[in-house]
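Read the structure below first, then the notes.
Both ligands and their constituent atoms are indexed starting at 1 by order of listing. Small disclaimer: the values here were computed from a predicted structure and weren't measured.
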Amino acid sequence: MKFAGHHILGISQFDRGHVDRIFEVADRMRPYARRERKTSVLEGAILGSMFFEPSTRTRISFGSAFNLLGGHVRETTGFESTAIAKGESLYDTARVLSGYSDAIVMRHPTEGSVSEFATASRVPVINGGDGANEHPSQALLDLFTIRSELADRGRGIDGLRIAMVGDLRFGRTVHSLSRLLTRFSNVRVSLVSPSELRMPEALVEEMRERGVDVVETDQLEVGIANVDIVYSTRIQEERFASQADADLYRGRFRLNQSIYTALCEPNTVIMHPLPRDSRVGAQELDEDLNDDPNLAIFRQSDNGVLVRMALFALILDVADQVDDYSKPVNWSTERRF
Ligand code: CP
(Lines give C-alpha, C1' and ligand atoms only; values in the text may rest on other atoms or scores of the structure.)
Protein backbone atom coordinates (compact mmCIF):
# COMPACT_ATOMS: atom_id res chain seq x y z
CA MET A 1 0.00 0.00 0.00
CA LYS A 2 1.19 3.50 -0.79
CA PHE A 3 0.11 5.88 1.94
CA ALA A 4 -0.60 9.00 -0.13
CA GLY A 5 -4.31 9.53 -0.57
CA HIS A 6 -5.30 6.32 1.22
CA HIS A 7 -7.80 5.81 4.01
CA ILE A 8 -6.65 4.24 7.27
CA LEU A 9 -9.49 1.99 8.34
CA GLY A 10 -8.04 -1.18 9.86
CA ILE A 11 -4.84 -3.05 10.62
CA SER A 12 -5.29 -5.54 7.75
CA GLN A 13 -4.02 -2.74 5.44
CA PHE A 14 -0.55 -2.81 6.98
CA ASP A 15 2.41 -5.12 6.57
CA ARG A 16 5.62 -4.85 8.54
CA GLY A 17 7.20 -2.50 5.99
CA HIS A 18 4.32 -0.05 6.45
CA VAL A 19 4.72 -0.21 10.22
CA ASP A 20 8.47 0.46 9.93
CA ARG A 21 7.81 3.46 7.69
CA ILE A 22 5.17 4.92 10.06
CA PHE A 23 7.54 4.53 13.01
CA GLU A 24 10.46 6.05 11.11
CA VAL A 25 8.37 9.14 10.33
CA ALA A 26 6.94 9.23 13.88
CA ASP A 27 10.46 9.26 15.33
CA ARG A 28 11.23 12.35 13.25
CA MET A 29 8.16 14.18 14.63
CA ARG A 30 9.64 14.39 18.15
CA PRO A 31 11.01 17.99 17.99
CA TYR A 32 7.58 19.19 16.84
CA ALA A 33 5.61 17.20 19.44
CA ARG A 34 8.02 18.55 22.10
CA ARG A 35 7.44 22.10 20.79
CA GLU A 36 11.16 22.57 20.12
CA ARG A 37 10.43 23.36 16.47
CA LYS A 38 7.33 24.19 14.44
CA THR A 39 6.53 23.33 10.86
CA SER A 40 4.09 24.83 8.38
CA VAL A 41 4.18 21.90 5.97
CA LEU A 42 0.37 21.56 6.09
CA GLU A 43 -0.34 25.31 6.07
CA GLY A 44 -3.79 25.84 4.59
CA ALA A 45 -4.88 22.21 4.98
CA ILE A 46 -8.08 21.42 6.90
CA LEU A 47 -8.84 18.35 9.00
CA GLY A 48 -12.51 17.47 9.43
CA SER A 49 -12.88 15.81 12.83
CA MET A 50 -16.16 14.00 13.61
CA PHE A 51 -16.46 12.18 16.92
CA PHE A 52 -19.80 10.53 17.60
CA GLU A 53 -18.60 8.87 20.81
CA PRO A 54 -16.78 10.40 23.80
CA SER A 55 -13.04 10.82 23.37
CA THR A 56 -10.24 12.71 25.07
CA ARG A 57 -6.99 11.29 23.67
CA THR A 58 -7.91 10.34 20.12
CA ARG A 59 -9.81 13.52 19.28
CA ILE A 60 -7.39 15.96 20.89
CA SER A 61 -4.20 14.21 19.77
CA PHE A 62 -5.38 13.91 16.16
CA GLY A 63 -6.30 17.61 16.26
CA SER A 64 -3.00 18.56 17.89
CA ALA A 65 -1.06 16.44 15.40
CA PHE A 66 -2.69 18.25 12.48
CA ASN A 67 -2.10 21.66 14.11
CA LEU A 68 1.55 20.78 14.82
CA LEU A 69 2.00 20.12 11.10
CA GLY A 70 0.63 23.60 10.39
CA GLY A 71 -2.95 22.64 9.45
CA HIS A 72 -6.34 23.71 10.80
CA VAL A 73 -9.01 21.57 12.45
CA ARG A 74 -12.79 21.88 12.08
CA GLU A 75 -14.57 19.54 14.43
CA THR A 76 -17.95 18.36 15.54
CA THR A 77 -18.82 16.05 18.41
CA GLY A 78 -21.99 14.04 19.04
CA PHE A 79 -24.76 13.19 16.58
CA GLU A 80 -27.02 15.89 17.98
CA SER A 81 -24.78 18.68 16.67
CA THR A 82 -24.79 17.37 13.07
CA ALA A 83 -27.45 16.93 10.41
CA ILE A 84 -27.28 13.16 11.02
CA ALA A 85 -29.74 13.99 13.83
CA LYS A 86 -32.10 15.20 11.06
CA GLY A 87 -31.79 11.92 9.13
CA GLU A 88 -28.83 12.72 6.86
CA SER A 89 -26.99 9.59 5.70
CA LEU A 90 -23.31 8.78 6.17
CA TYR A 91 -22.99 8.91 2.37
CA ASP A 92 -24.26 12.50 2.15
CA THR A 93 -22.28 13.54 5.22
CA ALA A 94 -19.10 12.15 3.66
CA ARG A 95 -19.73 13.81 0.30
CA VAL A 96 -20.31 17.15 1.99
CA LEU A 97 -17.55 17.09 4.62
CA SER A 98 -14.96 15.87 2.12
CA GLY A 99 -15.66 19.02 0.10
CA TYR A 100 -14.57 21.10 3.07
CA SER A 101 -11.53 19.09 4.22
CA ASP A 102 -8.21 17.61 3.11
CA ALA A 103 -8.46 14.67 5.52
CA ILE A 104 -11.11 13.41 7.92
CA VAL A 105 -10.90 11.52 11.21
CA MET A 106 -14.05 9.90 12.49
CA ARG A 107 -15.22 7.91 15.52
CA HIS A 108 -18.60 6.18 15.37
CA PRO A 109 -20.34 3.66 17.66
CA THR A 110 -21.27 1.26 14.83
CA GLU A 111 -18.83 -1.35 13.49
CA GLY A 112 -18.04 -0.76 9.81
CA SER A 113 -19.52 2.75 9.78
CA VAL A 114 -16.21 4.54 9.21
CA SER A 115 -15.50 2.29 6.22
CA GLU A 116 -18.97 3.02 4.85
CA PHE A 117 -18.29 6.75 5.29
CA ALA A 118 -14.90 6.41 3.59
CA THR A 119 -16.39 4.87 0.43
CA ALA A 120 -18.20 8.17 -0.18
CA SER A 121 -15.39 10.49 0.91
CA ARG A 122 -13.27 12.32 -1.64
CA VAL A 123 -10.39 12.72 0.83
CA PRO A 124 -8.51 10.23 3.09
CA VAL A 125 -10.45 9.07 6.14
CA ILE A 126 -8.86 7.75 9.35
CA ASN A 127 -10.82 5.43 11.62
CA GLY A 128 -10.74 6.88 15.15
CA GLY A 129 -12.62 3.84 16.46
CA ASP A 130 -15.74 2.11 15.07
CA GLY A 131 -17.75 0.39 17.77
CA ALA A 132 -16.06 -2.72 19.13
CA ASN A 133 -14.33 -3.34 15.81
CA GLU A 134 -11.00 -1.51 15.34
CA HIS A 135 -8.92 1.46 16.49
CA PRO A 136 -5.93 1.28 14.15
CA SER A 137 -4.10 4.44 15.18
CA GLN A 138 -4.27 3.32 18.82
CA ALA A 139 -2.71 -0.04 17.92
CA LEU A 140 0.07 1.74 16.04
CA LEU A 141 0.83 4.03 18.98
CA ASP A 142 0.64 1.06 21.33
CA LEU A 143 3.17 -0.85 19.27
CA PHE A 144 5.34 2.25 18.92
CA THR A 145 5.31 2.44 22.73
CA ILE A 146 6.10 -1.26 23.10
CA ARG A 147 9.03 -0.82 20.72
CA SER A 148 10.34 2.15 22.70
CA GLU A 149 9.90 0.52 26.14
CA LEU A 150 11.56 -2.71 24.98
CA ALA A 151 14.42 -0.80 23.33
CA ASP A 152 15.12 0.74 26.75
CA ARG A 153 15.45 -2.85 28.01
CA GLY A 154 17.73 -3.87 25.11
CA ARG A 155 15.02 -5.80 23.26
CA GLY A 156 13.04 -5.69 19.99
CA ILE A 157 9.39 -6.53 19.26
CA ASP A 158 10.16 -10.01 17.88
CA GLY A 159 9.95 -12.45 20.79
CA LEU A 160 7.49 -10.23 22.68
CA ARG A 161 5.47 -11.73 25.53
CA ILE A 162 2.35 -9.68 26.26
CA ALA A 163 -0.72 -10.14 28.46
CA MET A 164 -3.94 -8.40 27.42
CA VAL A 165 -6.27 -8.11 30.40
CA GLY A 166 -9.93 -7.20 30.83
CA ASP A 167 -12.73 -6.76 28.32
CA LEU A 168 -11.27 -8.44 25.25
CA ARG A 169 -14.68 -8.93 23.65
CA PHE A 170 -15.67 -5.29 23.22
CA GLY A 171 -12.24 -3.64 23.50
CA ARG A 172 -11.39 -2.41 20.00
CA THR A 173 -7.84 -1.46 20.95
CA VAL A 174 -6.91 -5.06 21.78
CA HIS A 175 -8.53 -6.25 18.55
CA SER A 176 -6.36 -3.95 16.46
CA LEU A 177 -3.22 -4.57 18.52
CA SER A 178 -3.65 -8.36 18.28
CA ARG A 179 -3.87 -8.13 14.52
CA LEU A 180 -0.82 -5.86 14.38
CA LEU A 181 1.29 -8.25 16.48
CA THR A 182 0.84 -10.97 13.83
CA ARG A 183 3.33 -8.99 11.70
CA PHE A 184 6.11 -9.98 14.15
CA SER A 185 7.90 -13.24 15.00
CA ASN A 186 7.80 -15.44 18.09
CA VAL A 187 5.08 -13.40 19.78
CA ARG A 188 3.28 -14.94 22.75
CA VAL A 189 -0.05 -13.41 23.77
CA SER A 190 -1.75 -14.23 27.04
CA LEU A 191 -5.45 -13.28 26.93
CA VAL A 192 -6.84 -12.72 30.42
CA SER A 193 -10.59 -12.13 30.69
CA PRO A 194 -13.79 -13.51 32.14
CA SER A 195 -15.07 -16.24 29.81
CA GLU A 196 -18.00 -14.00 28.72
CA LEU A 197 -15.58 -11.27 27.64
CA ARG A 198 -13.10 -13.40 25.71
CA MET A 199 -11.42 -12.16 22.54
CA PRO A 200 -13.61 -13.01 19.47
CA GLU A 201 -12.80 -16.54 18.33
CA ALA A 202 -12.12 -15.45 14.74
CA LEU A 203 -9.42 -13.08 15.96
CA VAL A 204 -7.82 -15.75 18.15
CA GLU A 205 -7.79 -18.08 15.13
CA GLU A 206 -6.30 -15.34 12.92
CA MET A 207 -3.48 -14.86 15.41
CA ARG A 208 -2.79 -18.59 15.67
CA GLU A 209 -2.84 -19.07 11.89
CA ARG A 210 -0.22 -16.31 11.61
CA GLY A 211 2.06 -17.98 14.13
CA VAL A 212 1.23 -16.18 17.38
CA ASP A 213 1.30 -18.40 20.46
CA VAL A 214 -2.04 -17.58 22.16
CA VAL A 215 -3.00 -18.68 25.66
CA GLU A 216 -6.44 -17.86 27.11
CA THR A 217 -7.13 -17.78 30.85
CA ASP A 218 -9.51 -16.25 33.39
CA GLN A 219 -6.79 -16.29 36.08
CA LEU A 220 -4.92 -13.00 36.42
CA GLU A 221 -2.04 -14.58 38.34
CA VAL A 222 -1.46 -17.08 35.53
CA GLY A 223 -1.84 -14.58 32.71
CA ILE A 224 0.45 -11.79 33.86
CA ALA A 225 3.38 -13.91 35.07
CA ASN A 226 6.35 -14.17 32.68
CA VAL A 227 5.42 -11.36 30.31
CA ASP A 228 7.22 -8.23 29.10
CA ILE A 229 4.05 -6.12 28.86
CA VAL A 230 0.79 -6.11 30.80
CA TYR A 231 -1.82 -4.31 28.68
CA SER A 232 -4.79 -3.59 30.91
CA THR A 233 -8.19 -2.51 29.53
CA ARG A 234 -11.40 -1.00 30.87
CA ILE A 235 -14.72 -2.83 30.90
CA GLN A 236 -16.40 -1.22 27.87
CA GLU A 237 -19.64 -0.56 29.74
CA GLU A 238 -21.12 1.46 26.87
CA ARG A 239 -21.31 -1.75 24.78
CA PHE A 240 -23.27 -3.77 27.36
CA ALA A 241 -27.05 -4.19 27.33
CA SER A 242 -27.30 -2.59 30.77
CA GLN A 243 -25.11 -1.01 33.43
CA ALA A 244 -25.93 -3.95 35.71
CA ASP A 245 -24.48 -6.34 33.14
CA ALA A 246 -21.25 -4.31 32.96
CA ASP A 247 -21.04 -3.99 36.73
CA LEU A 248 -20.71 -7.78 37.03
CA TYR A 249 -17.10 -7.39 35.82
CA ARG A 250 -16.02 -4.20 37.57
CA GLY A 251 -12.85 -4.71 39.59
CA ARG A 252 -12.44 -8.33 38.45
CA PHE A 253 -8.90 -7.94 37.12
CA ARG A 254 -7.55 -5.13 39.21
CA LEU A 255 -3.82 -4.43 38.94
CA ASN A 256 -2.33 -2.48 41.82
CA GLN A 257 1.20 -2.12 43.18
CA SER A 258 1.06 -5.12 45.51
CA ILE A 259 -0.44 -7.45 42.88
CA TYR A 260 2.04 -6.18 40.31
CA THR A 261 5.01 -6.71 42.63
CA ALA A 262 3.80 -10.18 43.66
CA LEU A 263 2.87 -11.54 40.23
CA CYS A 264 4.89 -9.77 37.53
CA GLU A 265 8.53 -10.08 36.56
CA PRO A 266 10.65 -7.08 37.61
CA ASN A 267 10.44 -4.26 35.03
CA THR A 268 7.30 -5.59 33.34
CA VAL A 269 5.90 -2.65 31.37
CA ILE A 270 2.37 -1.59 32.33
CA MET A 271 0.22 -0.20 29.53
CA HIS A 272 -3.42 0.81 29.10
CA PRO A 273 -5.02 2.59 26.12
CA LEU A 274 -6.88 4.85 28.60
CA PRO A 275 -9.24 6.01 29.84
CA ARG A 276 -8.79 3.85 32.94
CA ASP A 277 -11.85 3.70 35.16
CA SER A 278 -10.79 5.31 38.44
CA ARG A 279 -14.23 5.18 40.08
CA VAL A 280 -14.60 3.24 43.31
CA GLY A 281 -15.08 -0.46 42.55
CA ALA A 282 -13.48 -0.35 39.09
CA GLN A 283 -9.80 0.62 39.15
CA GLU A 284 -8.56 -1.99 36.70
CA LEU A 285 -5.28 -0.07 36.91
CA ASP A 286 -4.87 1.41 40.36
CA GLU A 287 -3.54 4.93 40.91
CA ASP A 288 -1.09 3.55 43.50
CA LEU A 289 1.01 2.56 40.44
CA ASN A 290 1.34 6.19 39.31
CA ASP A 291 4.90 6.59 40.55
CA ASP A 292 6.10 3.19 39.33
CA PRO A 293 8.64 3.84 36.53
CA ASN A 294 7.30 0.81 34.66
CA LEU A 295 3.91 2.49 34.26
CA ALA A 296 4.07 3.59 30.61
CA ILE A 297 0.50 4.86 30.18
CA PHE A 298 1.37 8.54 29.84
CA ARG A 299 4.38 7.88 27.62
CA GLN A 300 1.87 5.84 25.58
CA SER A 301 -0.65 8.71 25.31
CA ASP A 302 2.17 11.17 24.46
CA ASN A 303 3.24 8.84 21.65
CA GLY A 304 -0.22 9.24 20.13
CA VAL A 305 0.76 12.67 18.82
CA LEU A 306 3.93 11.34 17.13
CA VAL A 307 2.15 8.46 15.42
CA ARG A 308 -0.83 10.56 14.35
CA MET A 309 1.48 13.25 12.93
CA ALA A 310 3.20 10.49 10.96
CA LEU A 311 -0.12 9.21 9.61
CA PHE A 312 -1.16 12.66 8.41
CA ALA A 313 2.28 13.36 6.92
CA LEU A 314 2.15 10.05 5.03
CA ILE A 315 -1.43 10.17 3.71
CA LEU A 316 -0.97 13.81 2.64
CA ASP A 317 2.43 12.95 1.15
CA VAL A 318 4.57 15.48 3.02
CA ALA A 319 6.51 13.10 5.27
CA ASP A 320 9.87 14.01 3.75
CA GLN A 321 9.19 17.76 3.58
CA VAL A 322 8.27 18.43 7.23
CA ASP A 323 11.76 19.69 8.15
CA ASP A 324 12.00 21.89 5.03
CA TYR A 325 9.16 24.02 6.42
CA SER A 326 10.39 24.16 10.01
CA LYS A 327 11.62 26.90 12.40
CA PRO A 328 12.39 27.11 16.12
CA VAL A 329 9.39 28.10 18.26
CA ASN A 330 9.17 31.56 19.86
CA TRP A 331 7.89 30.50 23.28
CA SER A 332 9.35 28.73 26.31
CA THR A 333 9.22 24.97 25.95
CA GLU A 334 9.98 24.17 29.61
CA ARG A 335 7.98 21.18 30.84
CA ARG A 336 7.59 20.02 34.41
CA PHE A 337 7.87 16.32 33.52
N1 CP B 1 -7.55 5.44 23.89
C2 CP B 1 -8.62 6.16 23.47
O3 CP B 1 -9.20 5.88 22.43
O4 CP B 1 -8.98 7.17 24.30
P5 CP B 1 -10.16 8.19 24.04
O6 CP B 1 -11.46 7.39 24.11
O7 CP B 1 -10.07 9.22 25.12
O8 CP B 1 -9.99 8.77 22.67
Side-chain angles (χ1 to χ4, degrees), residues 8-11 22 26 33 47-68 73 75-79 81 103-111 113-114 117 125-146 148-149 162 164-181 229-240 246 255 269-279 282-285 287 289 295-312:
I8 294 179
L9 301 173
I11 292 299
I22 293 166
L47 173 70
S49 170
M50 305 188 88
F51 275 72
F52 298 119
E53 281 191 325
S55 170
T56 296
R57 277 143 292 275
T58 312
R59 183 169 68 87
I60 304 297
S61 65
F62 265 122
S64 297
F66 209 79
N67 288 151
L68 287 166
V73 181
E75 65 178 358
T76 184
T77 56
F79 289 114
S81 60
I104 296 171
V105 60
M106 181 176 179
R107 172 173 288 186
H108 195 287
T110 307
E111 293 184 21
S113 54
V114 182
F117 180 93
V125 174
I126 301 181
N127 181 1
D130 61 323
N133 184 33
E134 283 234 34
H135 194 346
S137 66
Q138 178 72 44
L140 289 162
L141 78 88
D142 288 342
L143 190 67
F144 185 82
T145 304
I146 290 169
S148 164
E149 298 291 324
I162 182 171
M164 299 185 192
V165 182
D167 181 354
L168 308 184
R169 177 180 176 196
F170 294 119
R172 57 191 169 204
T173 71
V174 286
H175 299 167
S176 291
L177 181 58
S178 296
R179 209 161 255 144
L180 192 56
L181 289 174
I229 310 276
V230 176
Y231 187 103
S232 174
T233 65
R234 179 179 65 89
I235 300 298
Q236 307 283 301
E237 59 187 28
E238 62 274 32
R239 314 252 179 255
F240 285 72
L255 189 64
V269 181
I270 306 164
M271 295 177 60
H272 191 302
L274 302 180
R276 57 177 160 170
D277 188 343
S278 296
R279 292 170 293 188
Q283 296 163 332
E284 70 274 2
L285 194 55
E287 290 178 9
L289 286 158
L295 186 76
I297 58 176
F298 300 116
R299 295 190 288 275
Q300 190 180 352
S301 57
D302 284 353
N303 286 337
V305 173
L306 298 175
V307 168
R308 288 168 176 142
M309 287 181 79
L311 293 176
F312 286 133

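Considering backbone and side-chain N/O of Pro275, none are found under 3.5 Å from N/O of ligand 1. For the pair Arg59 and ligand 1, the shortest N or O to N or O distance does not fall below 3.5 Å.
In terms of protein heavy-atom proximity, atom 6 (O) of ligand 1 is closest to Arg107 NH1, 2.9 Å. For atom 4 (O) of ligand 1, the closest non-hydrogen atom of the protein is Arg57 NE, 3.1 Å.
Proximity to Thr56 (heavy-atom distance under 4.0 Å) selects the following atoms of ligand 1: 5 (P), 7 (O), 8 (O). Ligand-side atoms of ligand 1 in range of Pro273: 1 (N), range being under 4.0 angstrom from any heavy atom.
Contact annotation: for Leu274 versus ligand 1, heavy atoms closer than 4.0 Å belong to the backbone alone. Contacts between Glu53 and ligand 1 below 4.0 angstrom, taking non-hydrogen atoms only, are absent altogether.
Heavy atoms only, all atoms of each residue included: Ala246 and Ile235 are closest at O-CG2, 4.0 Å.
No side-chain N or O of Thr77 forms a donor-acceptor pair with one of Arg59 less than 3.5 Å apart.
Judged by a 6.0 Å distance limit and a 45° cone about the ring axis, Arg308 is positioned over the six-membered ring of Phe62.
Between Phe79 and Phe52, the angle of the ring planes stays under 30°, which puts this pair in the parallel group of the 30/60° scheme.
Ion pair Glu53/Arg239 flagged as a salt bridge, since at least one NZ, NE, NH1 or NH2 atom sits closer than 4.0 Å to an Asp/Glu carboxylate oxygen.
In terms of modelled atom types and a separation under 3.5 Å, the side chain of Ser278 and the main chain of Gln283 share no donor-acceptor contact.
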